[in-house]
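Throughout, numbering of the chain's residues begins at 1 and tracks the sequence. Counting starts at 1 for both ligands and their atoms, in listed order.
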Amino acid sequence: MKKIAIKSYGEPDDVVACVEAPDVGEPGADEVVFRTVAFPINPADISFIRGKYRLKPPLPATPGAECVGRISAVGSAVGAVRRGDLVINLDRENWAQERRVKADRVIVLPPDSDPLQSAMLRINPPTARLLLDDFVPLKEGDWIIQNAANSSVGHLVIAFAKRRRLRTINVVRNEEAFPALKELGADACLVDGDGLHQRAEAITGGAEVRLGIDAVAGAATARIAACLAPGATLCAYGSMSGDPITVPSSEMIYRDIRLRGFLLGRHLDRRGTDEVQRFYHDIENDLREAKFRIGIERLYPIENIREALAHALRSRSSGKILVTPNGPVG
Ligand SMILES: NC(=O)c1ccc[n+]([C@@H]2O[C@H](COP(=O)([O-])OP(=O)(O)OC[C@H]3O[C@@H](n4cnc5c(N)ncnc54)[C@H](OP(=O)(O)O)[C@@H]3O)[C@@H](O)[C@H]2O)c1
């Protein structure tokens with residue numbers, strides 16, 4: 001089978017290769033084997049390849065925080081997963097044609113799930129949901145503000161906020177993103193930069209904004225902080241600028257802005273296995289009911305991984321880059 005391997009940490013174009021690897025073999029009693037249908041390229045995968053992610057396993061290593069697969073073999077003691085099931089895998093190293101994993105680490109999806117959408121279900125949808133659920137009690141009509149609103153997480157935040165009748169101010173780098181965000185249900189859109197606070201206040205009419213969501217870091221975090229009410233929470237979950245967060249101490253001392261961090265794994269670990277399974281089913285159902293689709297810009301075969309990564313590193317207008325390791329998805 002083919003899989004992606006990195007021999008050293010560095011720039012994707014220099015270190016990533018599609019290599020031949022031994023088949024994964026038969027499943028043990030409590031294991032399943034699946035053929036990978038699709039995986040997306042996420043910013044965290046690129047950080048992993050560069051050696052800048054929190055996990056840095058010994059080399060050679062296989063990236064891939066998420067994927068969707070079709071079960072091809074089931075261990076003798078496995079009851080809840082069947083051959084042919086579409087699954088997402090809660091474990092890593094998914095940039096491969098085939099995976100053998102513990103059966104309780106996969107989540108079986110409804111048979112009519114869209115495989116390409118499901119490839120992007122494990123990370124960003126729960127991230128968006130938990131950013132809204134786990135930090136500040138919010139009620140209908142409340143305002144929240146987020147930057148990187150044009151990201152996949154940003155779109156999902158808008159979708160989930162809309163279902164809860166929360167109002168969103170969406171901060172992006174470029175106003176060309178506005179129409180798509182408005183179509184998703186964004187209440188307001190702003191371009192990041194000077195005077196963000198005053199421009200946000202003009203939108204809310206001075207109503208309190210008690211949750212700020214930041215995926216940019218650097219000076220952008222301070223601009224979100226300035227838009228928040230005293231005592232509000234600013235949750236950092238990404239660092240697209242690559243810069244350290246800089247928030248003036250006055251925001252924390254004078255205005256008691258509470259700087260928090262979000263890491264999906266930590267928030268899922270607080271929940272038991274059954275709760276996590278229910279949580280994913282609930283999210284899948286929510287997105288289906290909302291008819292929400294995560295944007296996909298292009299699909300690549302696994303052999304073209306370098307081309308796919310180069311595309312993922314460019315600014316994209318219509319969504320994620322996906323790889324289909326076992327050929328076109330029917
Ligand atoms: N903490 C967690 O557990 C967790 C979980 C999921 C995701 N994340 C993080 O969430 C972030 C978004 O992930 P995603 O998969 O939704 O991303 P994505 O769909 O690939 O989109 C990336 C976004 O980042 C923006 N961007 C890139 N460079 C930027 C810069 N220098 N300044 C401002 N914006 C910039 C892009 O803006 P343009 O549209 O203008 O190009 C785009 O909207 C990433 O940082 C990711 O690591 C964290």
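- Counting heavy atoms under 4.0 Å from ligand 1, residue M240 touches it through both backbone and side chain.
- Of all protein heavy atoms, the one closest to atom 19 (O) of ligand 1 is S152 N, 2.8 Å.
- The S239 neighbourhood of ligand 1 comprises atoms 45 (O), with distances under 4.0 Å to a heavy atom of that residue.
- Applying the 4.0 Å criterion to heavy atoms of V153 picks out, from ligand 1, the atoms 7 (C), 16 (O).
- Although no hydrogens or angles enter the test, the distance criterion places no donor-acceptor pair under 3.5 Å between the side chain of R122 and the main chain of Y280.
- At under 3.5 Å, a nitrogen or oxygen of L264, whether backbone or side chain, sits near a nitrogen or oxygen of ligand 1.
- Nearest non-hydrogen protein atom to atom 15 (O) of ligand 1 is K320 NZ, 2.6 Å.
- The pair R100-E31 counts as a salt bridge, with a side-chain nitrogen and a carboxylate oxygen less than 4.0 angstrom apart.
- Protein heavy atom closest to atom 48 (C) of ligand 1, with residue, atom name and distance, is Y237 O, 3.0 Å.
- One finds no salt bridge joining R105 and D30 here, because no Lys/Arg side-chain nitrogen approaches an Asp/Glu carboxylate oxygen to under 4.0 Å.
- Applying the 6.0 Å contact sphere to CD of E176 captures no more than 12 heavy atoms from other residues, nucleotides or ligands.
- Contact annotation: for A312 versus ligand 1, there are no heavy atoms closer than 4.0 Å.
- The cationic group of R129 lies under 6.0 Å from the six-membered ring centre of F160 and within 45° of the ring axis, placing it in a cation-pi geometry.
- Under a 4.0 angstrom heavy-atom cut-off, I123 registers as being in contact with ligand 1.
- Not a single heavy atom of H267 sits less than 4.0 Å from an atom of ligand 1.
- Using a 4.0 Å cut-off between a side-chain N of Lys or Arg and a carboxylate O of Asp or Glu, E20 and K2 qualify as a salt bridge.
- Applying the 4.0 Å criterion to heavy atoms of S315 picks out, from ligand 1, the atoms 41 (O).
- Summary of contacts: the protein heavy atom closest to atom 13 (O) of ligand 1 is P43 CG, 3.7 Å.
- Per-residue contacts place V216 under 4.0 angstrom from the following atoms of ligand 1 (heavy atoms of the residue considered): 32 (N), 33 (C), 34 (N).
- A salt bridge links D114 with R293: the distance from a Lys NZ or Arg NE/NH1/NH2 to an Asp or Glu carboxylate oxygen falls below 4.0 Å.
- In this structure, R82 does not pair ionically with D85, as no charged nitrogen and carboxylate oxygen lie closer than 4.0 Å.
- Atom 33 (C) of ligand 1 has as its closest protein heavy atom R173 CD, 3.5 Å.
- What sits closest to atom 43 (O) of ligand 1 on the protein, heavy atoms only, is S151 N, 3.1 Å.
- Geometric assessment of R50 against the ring of Y9 yields a negative cation-pi assignment under the 6.0 Å and 45° thresholds.
- No side-chain heavy atom of F292 sits less than 4.5 Å from a side-chain heavy atom of I158.
- With a 6.0 Å radius and a threshold of 12 heavy atoms from other residues, nucleotides or ligands, R266 has its CZ atom above the threshold.
- The shortest N or O to N or O distance between A215 and ligand 1 is not below 3.5 Å.
- Around atom 39 (O) of ligand 1, the closest heavy atom drawn from T127, L131, N124, N150 belongs to N150.
- Ion pairing between a basic and an acidic side chain is recognised when a charged N comes within 4.0 Å of a carboxylate O; D192 and R173 show no such pairing.
- Residue contact check for ligand 1: V172 places no non-hydrogen atom closer than 4.0 Å to it.
- Near G238, with a cut-off below 4.0 Å to any heavy atom, the atoms of ligand 1 are 45 (O).
- For a threshold of 3.5 Å applied to N or O pairs, the pair formed by G154 and ligand 1 contains no separation below that value.
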